[in-house]
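What follows is a short report on a single structure.
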Amino acid sequence: MLSIKNLHVTINDKPILKGLTLDINPGEVHAIMGPNGAGKSTLSHVLSGKAGYTVTEGSVTYNGKDLLELAPEIRAREGVFLAFQYPVEIPGVSNIYLLKAALNAMRKHQGLPEVDAMDFLTIVKSKVKLLQMDEKFLYRAVNEGFSGGEKKRNEILQAAILEPKLCILDETDSGLDIDALRIVSEGVNSLRNAERSFLMITHYQRLLDYIKPDVVHVLADGKIVKSGGPELALELEERGYSWLEGQAA
Amino acid sequence: MSGEAYLTEYPAIAARLPGVDLPWLQGFRKQALQDFGVSGFPGNREEEWRYTNLSALNKTLFAPSASQNVDEDWLNQYSLDDAASVVLVNGQFSASLSRLQDLSAQVSVSSLKQALQDRPAWLESRLGQAVTSAEHNLVAFNNAWFADGVVIEVVAKQQLDRPVQILHVVTQADALAATRNLFVLNEEAEAEIIETYVGSVGSYFTASVNECLLGRNAGLTLYKVQLEAEKAQHFGGTYVKQARDSRFNHHNFALGSGLARSDIHTGLDTAAECSLNGLFVAGKRQHIDNHTRINHLKPHGISREFYKGVLDNKARGVFQGRVIVAEDAQQTDSEMNNRNLLLSADAEVDTKPQLEIYADDVKCSHGVTVGQLEEKSVFYLQSRGLDEEAARNILTFAFANEMVDKVENAELKALLLKELLERFPAISL
Ligand SMILES: Nc1ncnc2c1ncn2[C@@H]1O[C@H](COP(=O)(O)OP(=O)(O)O)[C@@H](O)[C@H]1O
Ligand SMILES: [Mg+2]
């Protein structure tokens with residue numbers, strides 16, 4: 001599904017990712033943990049096509065395609081979804097407008113007709129319920145004035161409606177209280193299936209109590225320095241990251 | 001000299017202007033002509049015309065046209081079904097196109113020509129009350145050249161039972177449409193008036209002046225929808241005199257023309273309120289100038305002003321917002337805000353808020369921003385599958401739509417949305 005090979009990325013000539021290799025198979029949940037500034041968000045941005053990053057070496061293959069060649073919107077339409085660490089506020093554009101425009105963009109890309117207005121409302125309302133959100137949020141401007149937790153929930157709502165193939169969650173757990181964390185995790189878990197893969201970036205092991213990963217990676221200084229099963233997360237919780245920094249995988 | 005060709009032409013035109021038999025109006029026009037003759041059209045040396053160059057008015061001699069030709073199907077797209085309508089074709093009232101039948105007797109709506117015949121004395125005591133030739137020479141020009149217009153009076157304590165739309169349409173190339181409107185709302189009267197400016201030919205000159213006299217506790221909502229043709233020169237001034245407790249709500253949508261200047265000036269007596277909203281959207285080489293003046297003359301007045309500008313290509317926008325708080329106008333509460341979005345590196349906006357406060361116990365604020373679309377917002381929308389152009393259009397549309405959202409008239413709102421969506425095609429929901 002996703003194969004990242006020896007990825008080197010710079011921002012303004014400053015190396016951030018320095019040879020990152022990672023393979024994700026369909027249906028797998030991979031967690032990436034690592035200290036602040038390790039390059040986790042950089043990875044999520046490069047995968048979703050944000051400008052400002054230069055790939056100096058390496059490749060990213062997504063379902064047989066060179067992902068780095070695709071425009072951001074094409075990546076999205078091909079099923080790559082990023083739940084942002086810092087979701088952007090878009091004044092004047094309602095949530096429901098964005099959801100419908102996004103869903104129709106996906107459908108058009110797949111050669112499907114626009115979604116029927118009634119069907120759309122039915123889908124949206126069921127997902128709103130799943131994430132225990134108030135329907136009023138649908139008619140508010142995207143993320144405008146939302147609390148940190150509400151923004152994160154809103155990202156997962158979008159994922160639930162757009163049904164991506166690869167879902168990248170960048171610190172979706174940060175800023176969530178324990179109830180919100182449980183609700184968001186249940187939302188994510190309900191999206192898990194044999195085809196859909198997850199790349200879950202987090203700082204804390206606590207998210208992994210709710211969403212069980214298949215593989216846990218440690219990203220430090222621009223590289224994966226260690227990979228293992230869920231037990232690795234527990235070890236990190238106990239020992240921190242310092243013992244791994246400067247180490248190669 | 002600026003305006004010379006117009007002065008030379010004037011004697012030939014004067015005989016056809018209304019009011020030749022009214023000495024007071026002859027005097028009024030003569031004075032205006034003299035004022036105009038001193039320096040012609042306003043020039044950049046004048047502080048309030050610094051950003052707007054009117055030289056195009058001297059390059060072509062725009063002349064009055066008697067043509068009443070209109071493609072009605074074309075005009076219909078701008079006509080609001082739920083409103084009574086007054087249609088001015090090339091600056092002349094069209095009885096056949098106007099729809100005034102179903103207004104109540106509490107309201108009088110007529111052409112200016114008709115009003116000059118029916119009640120000249122009433123007009124004599126009102127014309128020139130809200131603005132004079134001394135304001136600037138486009139007002140002087142209008143005073144001397146106006147050929148027709150609309151007079152609306154609402155009886156005390158009454159309200160217009162439906163909005164009145166004034167459709168100002170130019171269909172003749174190089175025409176001069178000089179119109180004068182007078183809106184009189186007596187005590188506690190209410191009205192909603194919509195001015196719509198359109199043109200079906202390239203180049204012409206609209207020179208229009210509105211005077212609004214609001215009695216005690218009267219309320220006027222006035223919309224201006226400027227959709228002039230691409231090469232048109234547009235001047236539209238609205239000058240308001242607000243008596244105690246009166247309310248003036250203005251919405252200025254400036255979307256068309258090659259060059260446009262709006263004046264929106266109001267003077268507030270005790271506890272009067274005004275809100276001035278504006279949206280100017282310009283592309284290509286369009287130039288749109290908005291000049292507002294809020295004169296707090298007496299205590300307890302409230303003013304709210306909010307203008308937004310969207311400039312693309314080589315367009316230029318101007319916002320001049322002057323708020324004057326007289327020594328006597330204690331407890332004035334005034335807010336002014338102007339936000340501008342530049343979509344291209346060659347687009348330009350000059351924004352100049354001016355607060356002149358002579359009273360000491362007031363609450364006045366102002367804010368101005370000039371910015372571009374946020375790239376992180378564009379990327380966010382792209383990451384949800386929208387292409388870059390759609391993303392930019394949606395964000396621009398959303399920026400501008402905040403002003404359309406303030407329009408309460410649903411039919412007008414739909415018309416404005418359609419115009420905005422044509423400029424920034426986004427997916428409509
Ligand atoms: N726009 C930028 N310009 C310069 N440096 C940046 C920029 N964005 C991120 N960085 C740097 O890149 C490194 C990785 O950042 P990031 O990927 O956000 O880390 P993480 O998400 O793991 O905390 C940090 O040292 C950060 O300061
Ligand atoms: Mg991060």
Side-chain angles (χ1 to χ4, degrees), chain A residues 44-45 47-53 70-84 86-110 114-115 117 120-121 138-139 141-144 151 154-155 158-159 161-162 164 168 170, chain B residues 253 277-279 281 306-310 337-341 343 367 369-407 413-414 416-417 419-421 423-429:
Chain A
S44 74
H45 290 151
L47 292 178
S48 51
K50 190 174 178 180
Y53 300 86
L70 305 178
E73 63 270 22
I74 305 296
R75 300 183 197 195
R77 292 173 198 167
E78 292 273 333
V80 177
F81 181 90
L82 168 63
F84 284 72
Y86 303 108
V88 180
E89 299 194 5
I90 316 267
V93 178
S94 72
N95 244 338
I96 192 146
Y97 177 94
L98 174 58
L99 287 167
K100 195 171 182 192
L103 185 61
N104 280 331
M106 312 277 159
R107 291 176 63 94
K108 195 170 171 200
H109 188 69
Q110 291 154 13
E114 290 202 347
V115 63
F120 174 70
L121 267 184
L138 290 171
Y139 302 97
V142 177
N143 294 324
E144 193 183 36
K151 285 180 183 168
N154 202 35
E155 296 288 284
Q158 295 176 6
I161 289 159
L162 300 178
I168 306 164
D170 191 356
Chain B
F253 292 95
N277 295 306
L279 172 67
V281 177
F306 189 23
Y307 265 69
K308 276 186 151 184
V310 179
N337 207 323
N338 170 227
R339 295 183 57 199
N340 302 288
L341 182 58
L343 298 176
T369 60
V370 178
Q372 290 147 17
L373 289 179
E374 292 210 52
E375 290 308 316
K376 66 177 182 187
S377 307
V378 176
F379 176 65
Y380 188 79
L381 296 181
Q382 282 182 281
S383 80
R384 298 305 181 243
L386 307 178
D387 62 51
E388 185 179 340
E389 192 185 324
R392 291 186 186 278
N393 281 337
I394 287 172
L395 293 169
T396 308
F397 176 84
F399 178 86
N401 189 37
E402 185 180 0
M403 302 318 295
V404 177
D405 243 359
K406 295 182 192 292
V407 172
K413 193 174 190 164
L416 289 164
L417 282 179
E419 290 291 333
L420 269 193
L421 280 169
R423 285 161 179 80
F424 310 107
I427 308 128
S428 59
L429 198 69

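Hydrogens, waters and symmetry mates are skipped; everything else that's a heavy atom, side chains included, is used. Sequence lines set the chain letters: A, B, ... in the order given, protein chains first and strands last, and positions in each chain run from 1.
Applying the salt bridge (Lys or Arg N to Asp or Glu O under 4.0 Å) criterion to B:K406, with sequence neighbours excluded, gives no partner residue. Residues meeting the side chain to side chain donor-acceptor pair (under 3.5 Å) test with A:E78, sequence neighbours left out: A:K65, A:H109. Scanning for side chain to side chain donor-acceptor pair (under 3.5 Å) contacts around A:E155 gives B:Y380, B:R384, with sequence neighbours left out.
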* Asked: Which is it for B:L343 and B:F424 under the side-chain contact (heavy atoms from CB on, under 4.5 Å) test, yes or no, and what are the steps along the way?
  -> CA-CA 12 Å; B:L343 298 176; B:F424 310 107; 3.9 Å; yes
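We find that A:E89 and A:K151 are joined by a salt bridge, their nearest charged nitrogen and carboxylate oxygen being less than 4.0 Å apart.
Ring pair A:F84/B:F379 is perpendicular by interplanar angle, where above 60° counts as perpendicular and below 30° as parallel.
Contact count against chain B (heavy-atom pairs under 4.5 Å) is highest for A:A76 among A:P87, A:A76, A:G92. Between chain B and the options A:A141, A:P72, A:A51, heavy-atom pairs under 4.5 Å are most frequent for A:P72.
For A:Y53, the OH atom sits in a packed shell: over 12 heavy atoms of surrounding residues, nucleotides or ligands are nearer than 6.0 Å.
Residue-level contacts of residues 395-403 of chain B with chain A, in order of numbering, are B:L395, B:A398; threshold 4.5 Å between heavy atoms.
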